[in-house]
Amino acid sequence: MDAKTYNAALVELRTDRDEIKKIRAALAKLEAARDKKIRTLAAYEKANAERIAPAAGLSLADVVKIAPALAPEHLATPDAAAAPEPPSPDASSRQVETPAPPHTAHADEPAAARAATPAAPTPPSPHAVLGPTASPPAAAVNTPAAGPARELPAIPQGPEGDRWFAHTSNLASTHPNFTQQARSTVFLDTATGVLVHRDQTLRLNLPDTTAATILQAVFHAIPEGTERIFITAGDPWHHQADRHPFLRDAVAAWLNAPIPGWRTDTGRGKDKMAGHFVHPRNPVARYQSDNGAFHVEIRSVGEWFDPEGADPATVRDAFVLLWKALRTHWSDAVLMGSPSQTGRDLWTRTIPTRGQHADGYPILSEELRGLLHATAGQGRTELITPPRVPDQLPALVEYDRTFAYAKHTWKSPVGTPRRITAATFAAWSEKEQIKALYGCGHWHVRVTVPDTWNHVGLLPAPAPGDRAWHYPATPRTTFTTWAGGPEIYTALTNPLTPWRIEILDGLLWDDGKPLDDWSKKLKEAWSALAAQADLHGDPNQRTAARLASRAVRSLLLYGIGSFAQRPRMVTGTTPRTMERDVPADAEIIGFTDEQITWQRPTGFARDANAHPEWAAAIWSGARAALLSQRHRDDNTYAGALHAPPGSVVAFRTDAVYLTAPQPWPYHGQPGDYLHKGHLTGPLAAPTTEEELLALRDAGRTALKEA
């Protein structure tokens, strides 16, 4: 690019900027007019939110937020907006707090380290305050995120709550008695038309990238048919994105466009997946021919890894290497459409057929699964802005935990959990309490940040928005939340000041190893592929091996996510002329002049492999390790709490961003902190996610060049 081209592009960029400002202003004006009309309609005595929501293209909650008078009577009472009272710890009404555990060494610490720990204090009475820095609840300051924080569910008291502590009848994870069938797969770059089928490379003529054109071209090139088309580049589902207000709408339109001779697939066989899956970046299209002879799905390779510009042949080689690496550990390994499907299928093939768990792993009650879904968040995503960090950063340094979740699969909850009430917990000895908090548990707690705290927050608290979390760090802030054992233990034994934790209720499982064999095999496959990526003489094969190793990471990452089992969502459409037929509990997700698209939850499916307790335990362990992780072989610690106060800029799932480099060891093992990016300042502290990601990308590039 020369200076003339550069300056011309800047002029175009300014034009785009001005046009965006105009469109945003027009949109804001339209939204204000819409809100005004909703408030006007609300004045009508027979107005109801169920009629107004689809007409406005909003959810019921959004309509009620604009016009509170439309809220149902039981939600419109004066008390509804008040902050919820903390739940009663148990029937005895005693407010029990944890005794103060010492700054106890982890289980793998040497005896000398444990001997240097201060002697354990005498357990306090049920009404005592944990630690010298804690403040009485009456004086605590509650500073939630902007807007009302959502209230987390609690376990009911009495027999109703006791009924939750059971497993779903006649439902358990068992070793499969069938072999997955491989599907004929091709790899297509829709930008260039290059198609790879087995050892053949073809070039298709694609006048456009509609699903109809892709299917016609692929089945013309391969008359015998194929069952899976992996898109390696081109993102065909975005080809008319400029015609739609949201990317999701563009994808839905691409998926649902009529295709002569084809219709939406209705599913078949053991791998029964029906209908399209709408996702803004990695959708899944499923079609069957009108005569039923062919079934095919169109998927994005982006579900497995970022191909980083690799051609279809290299991507094909990556999947071949992945399959070979898995076959070393599973003789019946088959690559399915997604890493979550494949990862969970491979896990089922590690379920023992003899011994303790030969009957399988039973599934929790729907109530407990719902509780875990609502109270167990996933990765920590947080941007810390001035004045908690300097306005001008001396640097932005990224540390990313390698294959992080694989570090936390060695121990998982098994069996039926026990309910641990506040009274039960208080009656235990300090040793029993520490063992419980270090075990496989999920705890309902009231938390107070110490008076002298000057570092990042340690425990997640519910924030406004569905499944949103924030991490209070202001001294004397008090909040009620649910958290896993690893995070609770870290808060109580952190290297700075113990936090005050009150146990209100909890679930405690026996320790087990249901994921250990599966995880070890994946880690070995990952290590073997990573070694090939470093040592292979052919650069294309090095790229393929690197992509395959990332696919193994996806198998574990998304396999764990699939255990969480979200409630099912049903998507439907209703003609605009029949707005009143939109279900009352549905959320409007799109609309055109002809129809309204909506979705609504329908509860949990009878999924024999639903184990949200495993996903919750791993996610909690990973969040705790972002704060503090011991490296036994190096006799040192790593994590955000081992960096100076005010130096932590952001967390993003497995990564932490700091203002200075740290001497943390890296041996390429799961969980190690990899120095992944380094951008030298001074830099303006990022205040939005977009600014952080731009600095992150620049930092990665700078470190590679260095």
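Remark: side-chain polar atoms of S300 are not paired, donor with acceptor, to backbone N or O of T232 under 3.5 angstrom. When atom types are taken as modelled, the side chain of S365 and the backbone of W164 share a donor-acceptor pair closer than 3.5 angstrom. At distances below 3.5 Å, at least one donor-acceptor pair connects side-chain atoms of E227 with backbone N or O atoms of S184. Listed for the T481 side chain is a donor-acceptor partner under 3.5 Å among the backbone atoms of P460. Of the possible donor and acceptor atoms, one in the side chain of T168 sits under 3.5 Å from a partner among the backbone N and O of L364. Side-chain atoms of S620 never come within 3.5 Å of backbone atoms of A617 as a donor-acceptor pair (strictly under, hydrogens ignored). Using a distance-only test at 3.5 Å, with no hydrogens or angles considered, a donor-acceptor pair links the side chain of T40 to the main chain of K36. Under the 3.5 Å distance criterion, the side-chain polar atoms of H244 are left unmatched by any main-chain donor or acceptor of F246. A donor-acceptor pair under 3.5 Å is absent between the side-chain atoms of R623 and the main chain of G484, judged by distance alone. For the pair N256 (side chain) and A252 (backbone), a donor-acceptor distance under 3.5 Å is present.
Look at R163 and E367 and you find no salt bridge, because none of the NZ, NE, NH1 or NH2 atoms lies under 4.0 Å from a carboxylate O.
Nearest heavy-atom pair across L335 and R228 is O-NH1, 3.6 Å. The two atoms that bring P307 and V315 nearest to each other are CB-CG2, 4.2 Å, heavy atoms only. Closest approach of A374 and L152 over heavy atoms only: O-CD2, 3.7 Å.
Ring to ring, Y558 and Y405 are not that close: their centroids are 6.0 angstrom or more apart. The aromatic ring centroids of F651 and Y471 lie 6.0 Å or more from each other.
Contact check for P686 versus L383: side-chain heavy atoms found under the 4.5 Å cut-off. In this structure the side chain of I363 never reaches within 4.5 angstrom of the side chain of D607, judged on heavy atoms. Annotation: side chain of L371 is in contact with side chain of I155 (closest heavy-atom distance under 4.5 Å). Counting heavy atoms from C-beta outward, T192 and R203 have side chains that approach closer than 4.5 Å.
Partners of W262 by ring pair (Phe, Tyr, Trp, His ring centres under 6.0 Å), not counting sequence neighbours, listed by chain and number: F219.
Rounding to the nearest 0.5 Å places CZ of R34 at 12.0 Å from CD1 of I52. Expressed to the nearest 0.5 Å, how far CG of L204 lies from CD1 of I222 amounts to 8.0 Å. Atom-to-atom distance recorded for K37:NZ and I66:CD1 is 13.0 Å, nearest 0.5 angstrom. Distance NE2/H276 to CD/E297: 11.5 Å, rounded to 0.5 Å. For the atom pair CG (L555) and OG (S562), the distance works out to 10.5 Å, reported to the nearest 0.5 Å.
Remark: N170 CG is loosely packed, at most 12 non-hydrogen atoms of other residues, nucleotides or ligands lying under 6.0 Å away. Applying the 6.0 Å contact sphere to CD of E382 captures more than 12 heavy atoms from other residues, nucleotides or ligands.
Classification of the F305-F319 ring pair by plane angle, with boundaries at 30° and 60°, yields tilted. Under the 30°/60° scheme for interplanar angles, the aromatic rings of W237 and W254 are found to stand perpendicular.
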Is there a side-chain contact (heavy atoms from CB on, under 4.5 Å) between R248 and V278 once you walk through the steps?
-> CA-CA 7 Å; R248 185 184 178 95; V278 182; 3.7 Å; yes

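No side-chain donor from either of T226 and H197 sits under 3.5 Å from a side-chain acceptor of the other.
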